[in-house]
Each structure stands twice: as C-alpha cells, then as structure tokens.
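To start, the structure under review is shown below, and the notes come after it.
In listed order, ligands and their atoms are each counted from 1.
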Amino acid sequence: MEPGAVFKEFLGEVESGLLSQLGGETASENDSLTAAARHLCLGGGAKRARPVLVKVFGNTLGVKTPALVDAAIAAELIHSASLLHDDVVDAGMYRRGRPTVNARWGNIVAVMSGDLLLSGALLRLSQVNLRLTQTALETVAEMTKAAIHEVEVRGNLELSFEDLARVAEGKTGSLFGWCGKAAAILAGVPEAEGRFDAFGRRIGVAFQMADDIRDVTGTDEGKPPFADIASKSPSLPLLLAARRDPALLRRLKEAWAYTAMTPERVKELGTAVLCSGVVDEAIERMTVEIDAAVDALGPYAQSSHGAELVGWARKLAIGIALKGAA
Ligand code: FPP
Ligand code: MG
C-alpha cells in the first residue's frame, strides 16, 4: 500500500473508533453527555493533530501494532475532554465554527461530558498497556496543573516568556509529547521516549503560540478574534505588545482592571495590539521553538520518517499561525 493510503486507513480507523466510543451511528439525542461529546468531537473542524502525530511518530519507529490506533483515539479523546473543560474555564462561546458545548448545553453537561471522554480514553488504554495508561494519567495531571496556573496568571501583563511557555508546555506540549512517548512505548524503544517527548513538548509550545497569534490576526474562522483580550489571558502577542509600547500596556492594564469589557473596547485594544507590529516577532519566536524541537529529535530527524515528522510539525504550527481551526 502507498504511504498516503496507509495514513488514510489509519485515520479512518481512528474515526470509526471515535464514533463507536461515542455511541455509534444510532446514538440517542436524549443522552445529553454523549450528544455534547459528539457535537465537539464528531462535528467536523478538528484537525486530528494528535492522531496524526501518533502515526507519524509510530512510522519513525516502524510500529505496526493495532494498539497504535488505540493510542491515537485516546489522545484525541483526552484532547476533546480538555477542550470541553477549557471552554467552561474560558467561558468560550464558539469553537470549530459552532457554539461550544457549554454555550449550548451549559457548564454542568460540558464538565461531565469531558469527564466521560477522559474516562473512556483511560479505560481504552488500560485494556492495551499499563505504561501507556500511567503516562497518560501523568499527562492529564500536568495539563490540569498548567490550566489552573494559566487561570492564576490571568491579567498579568508582566508574566515572563518562560512562564508563558511553561503554561503552554503543560497545557498542549505534554499531550503532544505523550503521543511520541506512546509510539516509543509500543515500539519497545526506550531511548526514543525522551527525544519524542521533548519534540512534542516544543512543538506543542509552538502550536499554542500559533493559537495566540490567530487570536489577534483573526485567522481562526471557527472563533471570533481577540478572545484572549476579553478573557484577560496574557498571550504571546499581548506580552510582546505590552513590552514594546508602554502606552498600550497602560491601556490594557486599565481595561483589565474592570470585571468586563465591552466588545467595542476589546476590538479597539485588539486592533492596537495588531497595529503594534508584534505578529512577525511572535512568528519568529514560534519558529525558534520548532527549530528547538527538531534539535531535540537528534538522530531521528535524519531518517526519512523523521523528516516527515519535522515537515508535518512545521506545516501544522506555521500553517495554523496564519489560518485554520483548532
Ligand atoms: C485550549 O487552550 C486548552 C488546552 C490546550 C488544555 C486545557 C486543559 C484543561 C482545561 C485541564 C483539564 C484536562 C483534561 C484532560 C480534562 P486555549 O484556551 O489556549 O485555546 P482555545 O483558544 O482553543 O480555547
Ligand atoms: Mg480556551
């Protein structure tokens, strides 16, 4: 089979696995938790970045076991669970071009639907491999700690870039890293675990930077722009703008001192951030992260599959910095 066809077949298996995990073709709309999970997970607009990553990592080590599909499904379920919770935390109203689960069903359904996806992911892994399960649990714990740290630094425009990267690594990089670790565990190649984990973590930070950039450029068609300003999240472009322009820092601080901002105020501040010319610098910083990720791969970057991994990661992060849905 052609490499492209193998890839398509793998992603097809992931889609069928997700569908059957979420009640199959005939799921009842009366089961609100499943209906909510299907709305997010099967409603279109998802890039399936984590399943793709699991497969590309798996190719690098020649993994053939069907358990790789389970790892990919689990990664997507954990990611989906985290988004259901994140939209409650951020009071996010739109995702992937549709109202969020919390907007449509309320916070209680969103949180519990996320819990259901998470338990489904971990149960699936526990039926495959104990170490996959343990490492996934460690990842979920790390994501959770990073998510609360992000809430704690809300409104802090003096946050260091290191702290910002730590939050991004915990929220996004740890699960990307797990995708690599899972492939290495299934391949039985312990020396690849650390390198793949490090690569995934740095790519995850780059990916999160891309998400921050799209928030100010308005290039995510699935969400309205400037949500980070509205939620007082010190994103990369906001921190860069605050350091570059003391007057803009004062305006942001003043606006963030109030409990809520009008949409007009958010738009005005967002436009000022965009006009401060920070997007190029943010893209440069993101590229530095991607280069560091490639360095972390070491000898694996040299193989033909390693080159595929690097190419995919660059395309994903840089591509979505300019356009795309999360
Ligand atoms: C999106 O970030 C959110 C994440 C990458 C992870 C959030 C993690 C938690 C809420 C911890 C709970 C974890 C689990 C597994 C249940 P964002 O708000 O920057 O991106 P967005 O613009 O897409 O909302
Ligand atoms: Mg969010």
Any chance you could lay out the salt bridge (Lys or Arg N to Asp or Glu O under 4.0 Å) test for E281 and R285, step after step, and finish with the verdict?
CA-CA 6 Å; E281 192 179 342; R285 282 178 180 257; 3.7 Å; yes
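- When heavy-atom distances to ligand 1 are checked against a 4.0 Å cut-off, D215 has no atom that comes that close, whether in backbone or side chain.
- Under 2.8 Å from the Mg ion (ligand 2), one finds the following protein N/O/S atoms: D86 OD2, D90 OD2.
- Judged by the shortest distance from any of its heavy atoms, V89 lies outside the 4.0 Å radius around the atoms of ligand 1.
- Scanning all heavy atoms of the two residues, the minimum distance from V14 to A72 falls at CG2-CB, 3.8 Å.
- Ligand-side atoms of ligand 1 in range of D211: 19 (O), 20 (O), 21 (P), 22 (O), range being under 4.0 angstrom from any heavy atom.
- Nearest heavy-atom pair across P224 and D215 is O-OD1, 4.2 Å.
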Go through E193 and K181 one step at a time and tell me if the salt bridge (Lys or Arg N to Asp or Glu O under 4.0 Å) criterion holds.
CA-CA 5 Å; E193 282 183 35; K181 235 189 300 191; over 6 Å; no
Go through the steps for R314 and D291 under the test salt bridge (Lys or Arg N to Asp or Glu O under 4.0 Å), then give the verdict.
CA-CA 9 Å; R314 280 191 197 282; D291 291 343; 3.1 Å; yes
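- For atom 12 (C) of ligand 1, the nearest non-hydrogen atom from the set L84, D115, L118, T144 comes from T144.
- Which parts of ligand 1 touch H85 is read off a 4.0 Å heavy-atom cut-off, strictly below it: atoms 10 (C), 16 (C).
- Interface atoms of ligand 1 facing A147, defined by a heavy-atom separation under 4.0 Å, are 8 (C), 9 (C), 10 (C), 11 (C).
- Of the listed options S82, S80, S231, S82 places a heavy atom closest to atom 6 (C) of ligand 1.
- With a heavy-atom cut-off of 4.0 Å, Q208 touches ligand 1 through its side chain alone.
- The hydrophobic clustering, which links ILVMFWY residues whose side-chain heavy atoms are closer than 4.5 Å, places V89 and I78 apart.
- When each atom of ligand 1 is checked for a heavy atom of T172 under 4.0 Å away, the hits are 5 (C).
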Would R154 and D90 count as a salt bridge (Lys or Arg N to Asp or Glu O under 4.0 Å) here? Give the steps.
CA-CA 11 Å; R154 249 184 213 163; D90 287 355; 3.3 Å; yes
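- Tested against E76, the residues K55, R50, R48 include a single salt bridge (Lys or Arg N to Asp or Glu O under 4.0 Å) partner, R48.
- Of all non-hydrogen atoms in A103 and M93, the two that sit nearest each other are CB-SD, 3.7 Å.
- At least one heavy atom of R95 sits closer than 4.0 Å to an atom of ligand 1.
- Side chain of R98 to main chain of H39: a donor-acceptor pair is present (N/O by atom type, distance under 3.5 Å, no hydrogens or angles).
- Residue pairs meeting the ring pair (Phe, Tyr, Trp, His ring centres under 6.0 Å) criterion with at least one partner in residues 211-268, sequence neighbours excluded, do not occur; the list is empty.
- Between the side chains of S233 and S235, no donor-acceptor pair of N or O atoms lies under 3.5 Å.
- Ligand-side atoms of ligand 1 in range of K171: 2 (O), 3 (C), 4 (C), 5 (C), 6 (C), 17 (P), 18 (O), 19 (O), range being under 4.0 angstrom from any heavy atom.
- For D87, no nitrogen or oxygen atom sits less than 3.5 Å from a nitrogen or oxygen atom of ligand 1, counting backbone and side chain alike.
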